[in-house]
Amino acid sequence: MLTYVVLAIAGLGAGILNAIAGGGTFLSFPALVWAGVPPIMANATATFAALPGYASSAWAYRKELEGGGKPSLRQLIAMAVVGGLIGAGLLLVTPEELFSGVVPWLLLVATLAFAVGPSFLRYLTKTGRQTSVPVALAIVLAVSIYGGYFNGGLGILLLAAFGLIGMTNLHHMNGLKTLMSFVLSVVSVSTYIAAGLINWNSLAVVGVSCAIGGYVGATLARRIKNTALLRGFIITVGFVMAALFFMK
């Protein structure tokens, strides 16, 4: 019973955090590992649990997805599909012990990206940098491969990638971020399901609570003016979780 309560709380918190500022995986993934789910399966299950939130957010941003420039939306989606497949494939061939050793580094990188992401985006927006379409697609593909392999910090890495290739409209970037997160997660989760990597009992608890948290978070997001304290909390959780995994 305690395990299910912890998973439900972690899923609820993850859904709220993802809707407001991102970083929900910093709660759901460690909770699943604590519950006894092997790290690779926990990563796959946490990714699946985040899907409802990605879907609802992408729908909410549907108007912001209109227009855009180069690369085209079709090209970006293609990179998400290809990257999700490659990342999920790499996860399938990664030995459990190796992945367990990589996890703390992935958490650390994701936390650092989450911490410096907003400042980096502001800098890129000011510089107005532009890249060629092939280079832009290569950058997005690299981030998509990361997302297919490990879901933590995916959103802020996608935003940083969009800024790096010259996008400046943050509403449009957020729309792309949620849509691509949904697409590449669908692709990677389909691969995880085929490989039997989903812990269905844990998913039922985390997924439902994450969906509820996403709705609650979307409501709260309209009222929160300053998310600095929330971001600070998420960053602290990320560093603490990374430290705990390093000590294992």
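Treat the numbers as computed from the prediction; the structure is a model and nothing was measured. Positions are given from 1 along the sequence.
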Give the cluster check for [X] versus [Y]: same hydrophobic cluster or not, with ILVMFWY residues linked at side-chain heavy-atom distances below 4.5 Å.
X: Leu12; Y: Val6; value: no
X: Tyr192; Y: Leu98; value: yes
X: Ile212; Y: Val206; value: no
X: Val140; Y: Val109; value: no
X: Val102; Y: Leu90; value: yes

Tell me, please, which residues at least two apart from [X] pass side-chain contact (heavy atoms from CB on, under 4.5 Å).
X: Val186; result: Leu51, Phe182, Ser190
X: Ala195; result: Leu92, Leu197
X: Val240; result: Thr236, Leu244
X: Pro52; result: Ala211

Checking Glu96 now: which residues fulfil side-chain hydrogen bond (donor to acceptor under 3.5 Å, both in side chains) with it, not counting sequence neighbours?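 Residues passing side-chain hydrogen bond (donor to acceptor under 3.5 Å, both in side chains) with Glu96: none at all.
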Mind checking side-chain hydrogen bond (donor to acceptor under 3.5 Å, both in side chains) for Thr178 and listing every partner two or more places apart, or none if nothing turns up?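 Testing Thr178 for side-chain hydrogen bond (donor to acceptor under 3.5 Å, both in side chains), a comparison that skips the adjacent residues, returns none.
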Which atom of Ala50 lies closest to which atom of Asn151, heavy atoms considered: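 Scanning both residues, the minimum pair turns out to be CB-OD1, 4.5 Å.
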Taking all non-hydrogen atoms of both residues into account, name the closest pair between Pro30 and Leu27 and its distance.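 Answer, listing the atom of Pro30 first, then Leu27: CD-O, 3.5 Å.
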Does Met180 reach the side chain of Val143, with side-chain heavy atoms less than 4.5 Å apart?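 Sidechains of Val143 and Met180: no contact.
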Are Leu73 and Leu179 packed together at the side-chain level, in the sense that at least one heavy-atom pair is separated by less than 4.5 angstrom?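 They are in contact (side-chain heavy atoms under 4.5 Å apart), so the answer is yes.
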Nearest 0.5 Å, what's the [atom1]-[atom2] distance between [X] and [Y]?
X: Ser188; Y: Leu91; atom1: OG; atom2: CG; value: 9.0 Å
X: Tyr146; Y: Leu158; atom1: OH; atom2: CG; value: 10.5 Å
X: Thr25; Y: Leu154; atom1: OG1; atom2: CG; value: 8.5 Å
X: Leu176; Y: Phe162; atom1: CG; atom2: CZ; value: 4.5 Å

Partner residues of Phe29 under the ring-ring contact (aromatic ring centres under 6.0 Å, His included) criterion, sequence neighbours left out: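 Counting only residues at least two positions away or on another chain, Phe29 forms a ring-ring contact (aromatic ring centres under 6.0 Å, His included) with Phe150, Phe245.
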Return the set of residues passing ring-ring contact (aromatic ring centres under 6.0 Å, His included) with Phe48 (not counting sequence neighbours), or none when no residue passes.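 Scan of Phe48 (ring-ring contact (aromatic ring centres under 6.0 Å, His included), adjacent residues dropped) gives Trp200.
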List the steps, then state whether side chain to side chain contact (heavy atoms under 4.5 Å, CB included) holds for Leu141 with Leu137. CA-CA 6 Å; Leu141 176 62; Leu137 291 176; over 6 Å; no
Can a donor-acceptor pair be found, under 3.5 Å and without considering hydrogens, that links the side chain of Ser144 to the backbone of Gly83?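 No, Ser144 side chain to Gly83 backbone: no donor-acceptor pair under 3.5 Å.
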Selection residues 101-110 - residue pairs positive for side-chain hydrogen bond (donor to acceptor under 3.5 Å, both in side chains), sequence neighbours left out: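 For residues 101-110, and leaving out neighbouring residues, there are no side-chain hydrogen bond (donor to acceptor under 3.5 Å, both in side chains) pairs at all.
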For Phe239, does the CZ atom have more than 12 heavy-atom neighbours from other residues, nucleotides or ligands under 6.0 Å away?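 Above 12, so yes.
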Under 4.5 Å between side-chain heavy atoms, chaining through other members, with only Ile, Leu, Val, Met, Phe, Trp and Tyr counted: pull out the rest of the cluster around Ile9, sorted by chain and number.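 Besides Ile9, the cluster holds Met1, Val5.
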Please assess Val81 against Leu184 for the test side chain to side chain contact (heavy atoms under 4.5 Å, CB included), listing each intermediate value before the final yes or no. CA-CA 5 Å; Val81 172; Leu184 73 87; over 6 Å; no
Please set out all donor-acceptor pairs under 3.5 angstrom arising from side-chain atoms of residues 31-45, sequence neighbours excluded.
{"from": "Asn43", "atom 1": "ND2", "to": "Tyr149", "atom 2": "O", "distance (Å)": "2.7"}
{"from": "Thr45", "atom 1": "OG1", "to": "Met41", "atom 2": "O", "distance (Å)": "2.8"}
{"from": "Thr45", "atom 1": "OG1", "to": "Asn199", "atom 2": "N", "distance (Å)": "3.1"}

